[in-house]
Amino acid sequence: MSAAVARSRTPSPGWALVAATVAVSFSAIVIKTAGDDAATIVWLRMGMAAVLLAPWVVRDAARGALPQGLTQIGLVLVSGVFLAGHFLLWTASLKYTSIAASVLLVSLHPLIVTPLGKRLLGEGLSRRMLAGGGLAVIGTLVTCAGDLRVDSSAFGGDLLALAGGLCLAGYLLIGRTVRANLGVAGYSAMVYTVVCIIAALTAVAGGVAHFPSPRVALACLGLAVVCTIGGHTVYNWALRHVPVLLVSISFLGEPPLTALLALLILASVPSFATVLGGVLILAGLALALIEPGSRPGRPADLAIAQ
């Protein structure tokens, strides 16, 4: 296959990030429909996703694109711990602090990724991308401002949400580092397996371990196919092709898109602050996505393979 043909078949990282953000935006609605505890939903969803990726993991193994050596395997395992921490810490924060404070603090990861991406990965960032990220963070603040409350009793929940954001930043930075040599299916499946195990142990430790009902299993299958494989796995694919900050910014598009989906599916009317903040977030994401570096620079296989 010629380079021109291969390039024509390469998904655009910009559009791939848009599709992934739309996919993960269904998470909150499906989780609400499932109506089970967070740990159970996380382990079942991630376990299903890992199993569904198995055929492509075999292909990655044949290509020698699975983690090799203690260092690389260790980084992938730590990446899984970070992703599990993001899911579980953020969910736990909602019990102690407001949704607004939790969403705001967990969404600060671009502020962490920006300096670390430059220092650890040597990634140069243009003014346009930085402006887009700043606009998206401001939009998140506007979205949450109306519901923020100063409450000393919520301090522990705020710390949990902030820790969840730190975990997501660590997950993205490691993914950007190791994905240069790993297939996206093999990397993602290993990470999801680690998350599945940690969430299952959390369910046992929390005394909520149980056999999921068919309704919950079906909801988790939807989460695995749409939100995990169609969302998080596509983000993992993009980490090989674009700066880590751009992927981090893309995560901020989830809240406004979720609000839009809730309006269309559940007839839940968003507040003015949610609408205004959502417009700013999506404008910031659009500004960042038109960055020249967000376009594919070399031929690659289809998303599930690379």
Side-chain angles (χ1 to χ4, degrees), residues 12-29 86 90 93-94 97-118 123 125-150 158 161-162 164-166 168-169 172 227 231-232 234-235 238 242-295:
S12 164
W15 286 111
L17 287 173
V18 171
T21 304
V22 172
V24 298
S25 298
F26 284 92
S27 295
I29 295 173
H86 167 67
W90 177 66
S93 74
L94 296 171
T97 190
S98 67
I99 293 177
S102 179
V103 170
L104 176 62
L105 291 170
V106 81
S107 298
L108 294 180
H109 49 86
L111 303 182
I112 303 165
V113 166
T114 301
L116 291 180
K118 183 175 182 179
E123 293 188 345
L125 301 172
S126 71
R127 293 179 181 178
R128 184 188 296 275
M129 186 176 292
L130 291 173
L135 187 58
V137 172
I138 291 172
T140 302
L141 177 60
V142 171
T143 300
C144 301
D147 295 322
L148 287 177
R149 301 288 186 274
V150 178
D158 294 341
L162 184 59
L166 288 169
L168 184 59
L172 293 176
C227 306
H232 285 275
V234 175
Y235 283 139
V242 299
V244 63
L245 177 60
L246 190 54
V247 181
S248 181
I249 295 171
S250 297
F251 273 90
L252 301 186
E254 180 180 352
L257 290 177
T258 297
L260 177 59
L261 291 171
L263 173 63
L264 297 176
I265 299 174
L266 304 177
S268 176
V269 180
S271 66
F272 175 75
T274 298
V275 174
L276 178 59
V279 170
L280 293 174
I281 292 171
L282 296 178
L285 180 56
L287 184 63
L289 283 175
I290 63 175
E291 187 70 21
S294 69
R295 299 188 183 97

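Residue indices begin at 1 and follow the sequence shown. Computed from a prediction, not measured in an experiment: that's the story for all the values here. Worth knowing before you read on, the calculation uses all heavy atoms, side chains too, and leaves out hydrogens, waters and symmetry mates.
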_Tell me the closest heavy-atom pair linking Cys227 and Val24, and the distance in Å._
O-CG1, 3.5 Å

_Taking every non-hydrogen atom, the tightest pair across Gly253 and Thr21_ = C-CG2, 3.6 Å

_Distance, nearest 0.5 Å, that separates CG of Leu116 from CD of Glu123_ = 11.0 Å

*Examine distances only and state if a side-chain atom of Thr258 and a backbone atom of Ser25 form a donor-acceptor pair shorter than 3.5 Å.*
yes

*Does the His109 side chain pair with the main chain of Leu166, one donor and one acceptor, at a distance under 3.5 Å?*
no

*Which heavy atom of Gly132 sits nearest a heavy atom of Leu287, and at what distance?*
N-CD2, 3.6 Å

*Between Leu135, Leu245, Ile249, which is the residue that forms a side chain to side chain contact (heavy atoms under 4.5 Å, CB included) with Leu130?*
Leu245

*asked:* Under a 3.5 Å distance rule, please check whether Ser268 uses its side chain to pair with a backbone N or O of Ala262 as donor and acceptor.
replied: no

_Beyond-backbone contact of Pro270 with Leu263, side-chain heavy atoms, under 4.5 angstrom_ = yes

*Steps toward side-chain contact (heavy atoms from CB on, under 4.5 Å) verdict (Phe251, Leu172)*: CA-CA 11 Å; Phe251 273 90; Leu172 293 176; 3.8 Å; yes

*Do you know which two heavy atoms are closest between Leu280 and Gly139, and how far apart they sit?*
CB-CA, 3.7 Å

*How long is the span from the CG atom in Leu105 to the OG1 atom in Thr140, to the nearest 0.5 Å?*
11.0 Å

*Heavy-atom pair of closest approach, residues Ala169 and Ile112*: CB-CG2, 3.9 Å

*Would you check if Val106 and Ser93 make a side-chain contact, meaning some heavy-atom pair closer than 4.5 Å?*
no

*Give the C-alpha distance, both sets of side-chain angles, the deciding distance and a yes or no for side-chain contact (heavy atoms from CB on, under 4.5 Å) between Leu285 and Ser250.*
CA-CA 6 Å; Leu285 180 56; Ser250 297; 3.7 Å; yes

*What's the spacing between Ser27 OG and Leu257 CG if we round to 0.5 Å?*
11.5 Å

*asked:* For Leu17 and Tyr235: C-alpha separation, side-chain torsions, deciding distance, then whether side-chain contact (heavy atoms from CB on, under 4.5 Å) applies.
replied: CA-CA 6 Å; Leu17 287 173; Tyr235 283 139; 3.6 Å; yes

*Give, for atom OG1 of Thr114 and atom CE of Met129, the distance between the pair rounded to the nearest 0.5 Å.*
9.5 Å

*Which heavy atom in Pro255 sits nearest to a heavy atom in Leu252, and how many Å separate them?*
CD-O, 3.2 Å

